[in-house]
Amino acid sequence: MTASTSTPVPSDFIRDIVAEDVRTGKYKLIHTRFPPEPNGYLHIGHAKSICLNFGIAREFGGICNVRMDDTNPTKEETEYVDSIMADVRWLVDDWGASHLALNRNTPFYASDYFDRFYEYDVELVCKNKAFVCDMTPEETDEYRRLGKESPFRNRSIEENLDLFARMKAGEFADGARTLRAKIDMSAPNVWLRDPVLYRIRHASHHRTGDKWCIYPMYDWAHTLSDYTEGITHSVCTLEFEVHRPLYEWILDALEVSRPRPHQYEFARLNLTYTVMSKRKLIQLVTDKLVNGWDDPRMLTISGLRRRGVTASALRAFAYNIGITKYPSMTDMAVLEHTMRNEFNRTAARRLAVLRPIKVVLTNYPTDRVEELNAVNNPEDRNVGTRKIPFSRELFIDRDDFMETPPPKYFRLSPGGEVRLKYAYIIKCDEVVRDNAGKVTELRCSVDFESKSGGATSNRKVKGTIHWVSAAHAVEAEVRLYDRLFTVSEPDVGGDFKSFINSHSLEVLTAKCEPALAEARPPERYQFERLGYFALDPDSTPDKQVWNRTITLKDTWAKEAKKT
RNA sequence: UGCCUCGUGGUGUAAUGGUAGCACAAGAGAUUCUGGAUCUCUUUGUCUAGGUUCGAAUCCUAGCGAGGCAGCCA
């Protein structure tokens, strides 16, 4: 019996391939990699990829590199490197990280291999498998579409060597020349039609500075980075499927020693009610439709973390959705279910009132305060109980009172009864309003026989609601989040920004039970009957800020909608 | 248009020639001092047409549909 019996081990077509390679002894060590370009923040789709690549390494006793694919100096920044590393570490560090490869704070960088790439370039030219091309970008495009050979294709090796050295030396302007692989302009796969390997960019690179003015293209850099690092299974998303023959061609052309890496592709994650592309996420940030990359409404890893999602919940989600080649659309409800499933077991319960309405218990002594016993987590008795103060004046949530309740409404209404959780059954005798007619106070009477835990507490009423003692309440800011988009697929049918949910953030001042004042990050709580909440970094010693990570399932809301 | 890939309930996935299963969602009920959780039950599926086979979701052929690629982006 192994540890894997308690934790389900995923199975999918890629892991099947790895398992087979392990069985046949194809490689000494399974070695995967996660290769982000540092040009944006990581999102939940990257989390899927991280969990796959690190998961494979973890399950097969291998290792996984994080490698910055930083071959385009005009787009990449150190800020993104830092955020990516923080996100990856957060996601995998408590996942049996000791045998993962992430045993250092610094990632690998494709840019560290630029010198080595240059040697490979020269080798390729010497083998007459690459040439320097003088065509403009537009001409190159057109010739590739038409399958026409470049007029510069048959330059001598000496001339190519000379020209490429002068490209490197900075003699030519951006776009003036490229180094292209010499493959087959009549190939049906356009990526085999003499693809560009190097372009000229007189731009400062975030790590190599001004050392280079020629930069490798993705295919060249990525393939050779994989090979250089000893990667065995190079796992990427479906859009690179047509690049695989080029990946193979490069390794063939350089006649690299075996075993060599192989590329496998899986479908990227799509989720309802959100957008996933970096381009769109960056627009949300720059257009200030959200408050930065880590806005809790964003499906970035940093946004999810700030909202209160745990790394283990994200990993469980990655496990739940599986790995295939089918371009699917996963229901946001799966993510939500994964969170509730974990937090229900792990989050301690507290009482908090979001939209307070005052309740005065007319038959309760003015100066009396009781300390009532409350269970911290009914799913985990080990975490014990706490005391909650109870007194004559309380707050309850406005949602828990209706003047003219519909049928099946179990909460408080004029003349009706409800149980205050851990306390008494009360009856609403009188409704007090202000001049505008708004209800400002409920005057209720207590059934002292009904005290929770007491000998005569057996009487049942249909509803139980949460409450907070007014004199003891601690005020806190609460931020309620809803889906960022109003439609399930904001990517289709027009500008995605026109589907923004204008009510996706609501800020309230809540009344909390005193025990919450002692909460510290990264603790998270269930506010009973409301949802799961985590402290936001905006919290100060004077004022807590709570983010609602996810609501509880609300079958009453569903019921109410029917009528 | 060319090339590549993929089609299993509403959604996401499993079954790798041998009883189509799981999860989410939806619906009904039980229970409940959270309208939470838990438990029970129910609805809904192999894209189509041929073929191979004792037997096909699985193998073959054709069709249909969907996605990706066709940057000096990754």
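Below, read A as the first sequence line, B as the second, and so on, with proteins coming before strands; counting in each chain starts at 1. Note that the structure is predicted; figures quoted are calculated from it, not measured. Excluded from the calculations below are hydrogen atoms, water molecules and symmetry mates; all remaining heavy atoms, backbone and side chain alike, are included.
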*Asks:* Look at the side chain of A:E379 and the base of B:rU38, then say whether one donor and one acceptor between them are separated by less than 3.5 Å.
*Replies:*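 Under the 3.5 Å cut-off, the side chain and the base do not form any donor-acceptor pair.
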
*Asks:* Output yes if the stacking criterion (under 5.5 Å between centres, under 30° between planes) is met for A:W556 over the base of B:rG35, else no.
*Replies:*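 Yes, A:W556 stacks on the base of B:rG35.
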
*Asks:* Would you kindly give the CD-to-P distance between A:Q526 and B:rA37, to the nearest whole Å?
*Replies:*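 Whole-Å distance recorded here is 9 Å.
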
*Asks:* Given the P atoms of B:rG63 and B:rC73, what is the spacing between them in whole Å?
*Replies:*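 Straight-line distance between the two P atoms is 38 Å.
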
*Asks:* Report yes if at least one side-chain N or O of A:T71 is closer than 4.0 Å to OP1 or OP2 of B:rC73; otherwise report no.
*Replies:*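 It does not, given that no N or O in the side chain of A:T71 lies less than 4.0 Å from OP1 or OP2 of B:rC73.
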
*Asks:* Select base, sugar-phosphate, or nothing to describe what A:R244 touches, counting heavy atoms under 4.0 Å on all strands.
*Replies:*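 No contact.
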
*Asks:* Return yes when atom CZ of A:R207 has more than 12 non-hydrogen atoms of other residues, nucleotides or ligands closer than 6.0 Å, and no otherwise.
*Replies:*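 Counting neighbours around CZ of A:R207, more than 12 heavy atoms of other residues, nucleotides or ligands fall under 6.0 Å, so yes.
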
*Asks:* Does this structure show an ion pair linking A:E528 with A:R350, if we count only N-O contacts that are shorter than 4.0 Å?
*Replies:*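 A salt bridge is absent here (no side-chain N lies under 4.0 Å from a carboxylate O).
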
*Asks:* Using a cut-off of 4.0 Å between protein heavy atoms and nucleotide atoms, how would you tag nucleotides 63-71 of chain B 5' to 3' with B, S and -?
*Replies:* ----SBSSS

*Asks:* Taking the six-membered ring for Trp, is the centroid-to-centroid distance between A:W546 and A:F527 below 6.0 Å?
*Replies:*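 Yes: the rings meet the under 6.0 Å criterion.
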
*Asks:* Indicate, with a heavy-atom threshold strictly under 4.0 Å, whether A:G463 touches base, sugar-phosphate, or nothing.
*Replies:*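 Result for A:G463 = nothing.
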
*Asks:* Separation of A:Y218 atom OH from B:rA74 atom C1', in whole Å?
*Replies:*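 My rounded result for the distance is 7 Å.
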
*Asks:* More than 12 foreign heavy atoms under 6.0 Å from NZ of A:K280: is that the case here?
*Replies:*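 It does: A:K280 NZ has more than 12 such atoms within range.
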
*Asks:* Given B:rG35, is OP1 or OP2 found less than 4.0 Å from the side-chain N or O atoms of A:R411?
*Replies:*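 So the side chain of A:R411 is outside the cut-off, no N or O lying under 4.0 Å from OP1 or OP2 of B:rG35.
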
*Asks:* Using a 4.0 Å heavy-atom cut-off, does A:I321 contact any base of the nucleic acid, only the sugar-phosphate backbone, or nothing at all?
*Replies:*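 Result for A:I321 = sugar-phosphate.
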
*Asks:* Under 4.0 Å between a side-chain N/O of A:K558 and OP1 or OP2 of B:rA26, yes or no?
*Replies:*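 Yes.
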
*Asks:* Could you give the CG-to-C1' distance, from A:D400 to B:rG36, as a whole number of Å?
*Replies:*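 The answer, rounded to whole Å, is 13 Å.
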
*Asks:* Using a 4.0 Å heavy-atom cut-off, does A:E528 contact any base of the nucleic acid, only the sugar-phosphate backbone, or nothing at all?
*Replies:*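 Base, at least one base heavy atom under 4.0 Å.
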
*Asks:* Could you give the CZ-to-C1' distance, from A:R15 to B:rU16, as a whole number of Å?
*Replies:*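 Roughly 18 Å, once rounded to whole Å.
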
*Asks:* May I ask you to say what A:Y422 touches in the nucleic acid, namely base, sugar-phosphate or nothing, with a heavy-atom cut-off under 4.0 Å?
*Replies:*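 Counting heavy atoms under 4.0 Å across all strands, the contact made by A:Y422 includes a base.
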
*Asks:* Can you find a donor-acceptor pair, distance only, under 3.5 Å between A:R340 side chain and B:rG36 base?
*Replies:*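 Answer is no: no donor-acceptor pair is held.
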
*Asks:* Specify the closest pair of heavy atoms between A:V190 and A:R144, including all atoms of both residues, with the distance to one decimal.
*Replies:*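 In terms of heavy atoms, the two residues are closest at O-NH2, 2.8 Å.
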
*Asks:* Specify the closest pair of heavy atoms between A:P378 and A:R381, including all atoms of both residues, with the distance to one decimal.
*Replies:*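 It is O-NE, 3.9 Å.
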
*Asks:* Separation of A:R350 atom CZ from B:rG36 atom C1', in whole Å?
*Replies:*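 Computing the A:R350:CZ to B:rG36:C1' distance gives 17 Å.
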
*Asks:* Just compare B:rG36, B:rA14, B:rG35 and give me whichever is closest to any side-chain atom of A:Y409.
*Replies:*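 Nearest nucleotide to the side chain: B:rG35.
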
*Asks:* With distance as the sole test, does A:T300 use its side chain to make a donor-acceptor pair with the main-chain N or O of A:W293 at under 3.5 Å?
*Replies:*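 It does hold such a pair.
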
*Asks:* Within the structure shown, what part of the strands sits under 4.0 Å from A:T140 by heavy-atom distance: base, sugar-phosphate, or nothing?
*Replies:*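 Here A:T140 touches the bases of the nucleic acid.
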
*Asks:* Any side-chain N or O of A:T464 less than 4.0 Å from the OP1 or OP2 oxygen of B:rU34?
*Replies:*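 The answer is no; no side-chain N or O of A:T464 sits under 4.0 Å from OP1 or OP2.
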
*Asks:* In this structure, how many angstroms lie between the P atom of B:rC72 and the CG atom of A:D134, rounded?
*Replies:*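 Rounded to whole Å, this separation is 15 Å.
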
*Asks:* Over all strands shown, is A:K421 touching base, sugar-phosphate only, or nothing at heavy-atom distances under 4.0 angstrom?
*Replies:*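 Contact class for A:K421: base.
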
*Asks:* Heavy atoms from C-beta onward define the side chain here; which of B:rC72, B:rC73, B:rG35 lies closest to that of A:T555?
*Replies:*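 From the listed options, B:rG35 comes nearest.
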
*Asks:* In whole Å, what is the span from the CZ atom of A:F343 to the C1' atom of B:rU34?
*Replies:*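 To the nearest whole Å, that distance equals 18 Å.
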
*Asks:* Go through B:rC24, B:rA74, B:rG35 for me and flag the one nearest to the A:A333 side chain.
*Replies:*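 The answer is B:rC24, which lies nearest to the side chain.
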
*Asks:* Ignoring the backbone of A:K408, work out which of B:rA74, B:rU34, B:rG35 is nearest its side chain.
*Replies:*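 Nearest to the side chain of A:K408 among the choices is B:rG35.
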
*Asks:* Checking all strands, does A:T338 fall into the base, sugar-phosphate, or nothing category for heavy-atom contacts under 4.0 angstrom?
*Replies:*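 Nothing: the residue A:T338, judged by heavy atoms under 4.0 Å, touches no strand.
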
*Asks:* Taking the nucleotide of RNA chain B with the nearest heavy atom to each, does A:F527 or A:M135 sit closer to the 5' end?
*Replies:*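 The residue whose closest nucleotide sits nearer the 5' end is A:F527.
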
*Asks:* Output yes when at least one side-chain N/O atom of A:H337 is less than 4.0 Å from OP1 or OP2 of B:rC24, else no.
*Replies:*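 Yes, because at least one side-chain N or O of A:H337 sits under 4.0 Å from OP1 or OP2 of B:rC24.
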
*Asks:* Report the distance from atom CG of A:N344 to atom P of B:rU32, rounded to the nearest whole Å.
*Replies:*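 Between P of B:rU32 and CG of A:N344: 18 Å.
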
*Asks:* Quick one: does any side-chain atom of A:N376 pair with a main-chain N or O of A:V383 as donor and acceptor, under 3.5 Å?
*Replies:*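 Checked: pair present.
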
*Asks:* Give one of base, sugar-phosphate or nothing for A:G322, where a contact means two heavy atoms less than 4.0 Å apart.
*Replies:*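 Counting heavy atoms under 4.0 Å across all strands, no contact is made by A:G322.
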
*Asks:* Will you find, in the side chains of A:N373 and A:Y422, an N or O donor that is under 3.5 Å from an N or O acceptor?
*Replies:*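 No pair is found: no donor N or O on one side chain lies under 3.5 Å from an acceptor on the other.
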
*Asks:* Dot-bracket for RNA chain B, 5' to 3', counting Watson-Crick or G-U wobble pairs under 3.5 Å, with [ ] for crossing pairs and | for inter-strand pairs?
*Replies:* (((((((..((((....[..)))).(((((.......)))))....(((((..]....))))))))))))....

*Asks:* Check for a donor-acceptor pair, side chain of A:S450 on one end and backbone N or O of A:S457 on the other, with a separation under 3.5 Å.
*Replies:*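 No.
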
*Asks:* For B:rC73, take OP1 and OP2 only and decide whether either is under 4.0 Å from a side-chain N or O of A:R199.
*Replies:*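 Affirmative; the distance criterion is met.
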
*Asks:* Holding to side-chain contact (heavy atoms from CB on, under 4.5 Å), I want the full list of residues that pass it with A:F448, two or more places apart in sequence or in another chain.
*Replies:*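 Listed in chain order: A:N363, A:Y364, A:R368, A:Y424, A:V446.
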
*Asks:* Checking the side chain of A:R386 only, and the main-chain atoms of A:A515 only, is there a donor and an acceptor separated by less than 3.5 Å?
*Replies:*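 Flag not set: sc A:R386 to bb A:A515 has no pair under 3.5 Å.
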
